[in-house]
Amino acid sequence: MNRRAFLTLAALSGLAGTAGLASGCSSGPRGSDRHPAAPLDLSVPLRIPPLLHPEPDADGVRRYELTMLAGSSELLPGRPTATWGFNGPYLGPTLRASRGDRVAVTVRNTLPEASTVHWHGMRLPAAMDGGPHQPVAPGETWSPTWTVDQPAATTWYHPHPHGATAGHVYRGLAGLFLLDDDHETALPTAYGVDDVPLILQDKKFTADGALDGDPLRGTFGILGDHVLVNGTFNPRFDVTTERVRLRVLNGSNARLYHLAFSDHRSFHVVATDGGLLAAPVATDTLALSPGERAEIVVAFAPDDNVVLRTVDDGTDLAAGDLDLIRFTATNRPSPSPALPAALSAFTPITVPAGAKVRRFTLNGHDAINGQPMDMSRIDEVVPAGAVEIWEIRNNVYSHNFHIHEVGFQLLDSNGTPAPGYAGGPKDTVFVPGKSTVRLAVRFGTTTNPAAPYMYHCHILRHEDSGMMGQFVLVEPGTEDTVPRTLPTPASHGH
Ligand code: C2O
Ligand code: CU
Ligand code: CU
């Protein structure tokens with residue numbers, strides 16, 4: 001079965017569970033308060049987040065600084081919006097490092113409330129993970145450090161404060177962290193030229209240009225009717241090369257994107273969340289749920305003029321057909337290397353016979369397995385280095401599932417094996433309504449029975465309302481002896 005057939009199947013199974021929900025949800029995008037957006041001409045040059053790639057210091061450490069701040073951005077033309085960002089009023093710089101690098105980040109919080117910075121997709125010790133257990137109080141700094149040890153990938157960072165993530169991300173706190181490795185591929189690598197980030201975020205605006213929408217209202221929180229790309233409203237990118245690699249992040253609170261070009265051209269998926277595929281996979285549509293990333297390579301002809309769109313396939317989170325960004329090619333694009341036939345040494349995770357199977361049931365949007373998130377409760381204890389099957393059974397409307405620290409692969413959805421790039425390296429996966437997905441999960445080896453990692457739905461309204469659990473990685477053989485409760489955090493602060 002090809003990818004499109006798989007998506008259609010997924011959408012149909014999702015629809016069955018949500019038909020009543022879409023019509024009954026007063027704040028939803030199909031509700032009566034939805035104003036059709038004015039057609040866009042897609043003419044504003046795409047903003048490219050600044051790149052931070054510091055030389056290693058005398059100790060061989062790459063040092064980055066991120067300051068969380070409140071500011072004002074002109075997201076809509078001529079109408080300033082109160083926003084939050086890293087080192088600037090909206091979004092944050094793109095950090096870059098290579099496999100084997102030692103990195104250190106100084107995170108400074110100048111916001112009026114506590115926040116955190118989580119490295120989504122990064123494999124690192126739990127105390128550096130930036131989840132709800134590592135709050136940074138107003139005026140404080142936090143200085144995580146780790147060694148990058150994973151394949152090249154497009155990862156990202158965003159706040160993860162307990163119960164308040166949706167608002168922090170929605171106001172603008174997010175950025176990319178690109179990882180390179182020595183595996184030589186002939187993919188485009190000129191940042192902002194032929195290796196271009198696309199951070200997709202839908203927003204609702206009030207008439208005077210303020211960000212509108214309570215990130216915790218309704219079933220899904222915010223489903224906006226404007227999509228910003230890298231914080232650019234109405235964007236256009238000028239193509240100067242025959243091929244462009246697009247690193248696409250769904251940085252939205254809830255929206256599901258079904259990406260396709262206006263001329264239905266095909267393109268190649270070269271990477272998913274966790275890094276490069278073994279070989280490029282051709283497709284003409286790509287679905288991304290919140291938190292997911294993909295890298296695609298698109299070929300352009302001289303004078304091409306084409307729009308990347310998201311197409312509503314009926315899934316409850318897709319919410320309308322929207323134009324996202326226009327690509328306009330010069331009349332003489334400079335040559336690009338041919339797309340390599342082989343991209344990486346990626347091989348599917350082999351699940352050992354008798355591997356542990358953990359089951360997670362989703363029955364609403366405020367719990368997993370009937371348990372709302374409790375920062376003092378360890379839900380799962382996993383032996384370091386384990387390979388397990390995690391089975392996610394979704395009895396209701398659309399959700400997705402993200403696991404910190406690990407790499408996983410989608411084995412199957414409702415028993416249908418994941419086709420093509422859907423079986424690539426992942427850390428976040430869409431779980432359509434009324435469906436069951438099975439994941440092959442490979443855990444890391446850094447143990448700490450007192451510092452948990454999170455797993456949760458990445459629809460931020462759901463994450464904030466308790467659809468999250470915690471696991472610890474422990475020495476194999478100690479699973480039954482480690483404590484299952486943690487001291488309750490006294491307060492946000494130190
Ligand atoms: Cu991107 Cu726990 O999050
Ligand atoms: Cu994460
Ligand atoms: Cu959810």
Side-chain angles (χ1 to χ4, degrees), residues 14 17-18 21 92 115-126 128-134 144 150 153-166 168-170 173-177 199 201 215-216 218-223 249-256 273-274 288-293 315-317 360-369 372-373 375 392-408 426-435 437 441 444 452-471:
T18 54
L21 187 143
S115 191
T116 83
V117 178
H118 165 58
W119 316 103
H120 180 136
M122 196 76 72
R123 309 201 64 172
L124 37 51
M128 308 298 168
D129 191 45
H133 293 274
Q134 289 91 38
Q150 63 189 85
T154 299
T155 76
W156 67 300
Y157 59 92
H158 63 78
H160 215 300
H162 184 50
T165 296
H168 288 209
V169 173
Y170 189 65
L173 291 168
L176 292 171
F177 199 144
I199 302 172
Q201 298 175 302
L216 299 183
T219 303
F220 296 118
I222 292 159
L223 285 166
L249 161 67
N250 182 346
S252 303
N253 282 44
R255 178 179 281 275
L256 178 79
D273 305 332
L288 287 180
S289 71
E292 287 186 290
R293 293 86 65 208
T315 311
D316 41 11
L317 295 177
F360 301 88
T361 302
L362 316 180
N363 278 331
H365 55 64
D366 54 8
I368 294 176
N369 285 341
M373 165 71 168
M375 284 180 65
I392 324 297
R393 175 179 297 272
N394 179 2
N395 292 324
V396 287
Y397 37 81
S398 288
H399 289 294
N400 75 0
F401 203 83
H402 167 51
I403 313 177
H404 288 208
E405 195 284 329
V406 309
F408 67 66
K426 300 284 294 166
D427 55 55
T428 307
V429 67
F430 184 49
V431 188
K434 305 274 188 205
S435 74
V437 303
V441 188
Y453 295 102
M454 309 297 125
Y455 54 87
H456 55 89
C457 178
H458 217 288
I459 295 167
L460 300 182
R461 186 254 189 280
H462 298 177
E463 174 178 342
D464 280 345
S465 51
M467 197 166 197
M468 176 151 59
Q470 312 194 97
F471 73 96

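First listed ligand is number 1; within each ligand, the first listed atom is number 1.
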Q: Could you check whether any side-chain heavy atom of Met128 comes within less than 4.5 Å of a side-chain heavy atom of Met122, counting everything from C-beta outward?
A: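 The answer is no; the side chains never approach within 4.5 Å.
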Q: Atom 1 (Cu) of ligand 1 is nearest to which N, O or S atom of His120?
A: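 The nearest such atom is ND1.
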Q: Is a donor from one side chain sitting under 3.5 angstrom from an acceptor on the other, for His118 and Thr165?
A: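 No.
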Q: Do Leu216 and Arg461 make a side-chain contact, defined as non-hydrogen atoms from C-beta onward lying under 4.5 Å apart?
A: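 Of all side-chain heavy-atom pairs linking Arg461 with Leu216, at least one is under 4.5 Å.
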Q: Give a yes or no on whether His365 keeps an N, O or S atom under 2.8 Å from the Cu ion (ligand 3).
A: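 Under 2.8 Å: His365 has no N, O or S contact with the Cu ion (ligand 3).
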Q: Check whether any N, O or S atom of His160, backbone or side chain, sits closer than 2.8 Å to atom 2 (Cu) of ligand 1.
A: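 Yes - counting backbone and side chain alike, His160 has an N, O or S atom under 2.8 Å.
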Q: Would you please say whether a donor-acceptor pair under 3.5 Å links the side chains of Glu463 and His402?
A: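 No, His402 and Glu463 have no side-chain donor paired with an acceptor closer than 3.5 Å.
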Q: Is the distance between the ring centroids of His168 and Tyr170 under 6.0 Å?
A: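 Judged by ring-centre distance (under 6.0 Å), Tyr170 and His168 do not meet the cut-off.
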Q: Restricting to N, O or S, what is the name of the atom of His399 that lies nearest the Cu ion (ligand 3)?
A: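 Looking at His399, the N, O or S atom with the least distance to the Cu ion (ligand 3) is ND1.
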Q: Would you check if atom 2 (Cu) of ligand 1 lies under 2.8 Å from any N, O or S atom of His456?
A: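 Given the 2.8 Å cut-off, His456 counts as a ligand of atom 2 (Cu) of ligand 1.
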Q: Looking at His462, which of its N, O or S atoms is the nearest one to the Cu ion (ligand 3)?
A: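 Minimum-distance N/O/S atom of His462 relative to the Cu ion (ligand 3) is ND1.
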Q: I need the single residue from His404, His458, Arg293 that forms a side chain to side chain donor-acceptor pair (under 3.5 Å) with Asp427. Which is it?
A: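 Exactly one option meets the side chain to side chain donor-acceptor pair (under 3.5 Å) with Asp427, and it is Arg293.
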Q: Closer than 2.8 Å to atom 1 (Cu) of ligand 1, do we get an N, O or S atom from His118, backbone or side chain?
A: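 Short answer: no, not a single N, O or S atom is under the cut-off.
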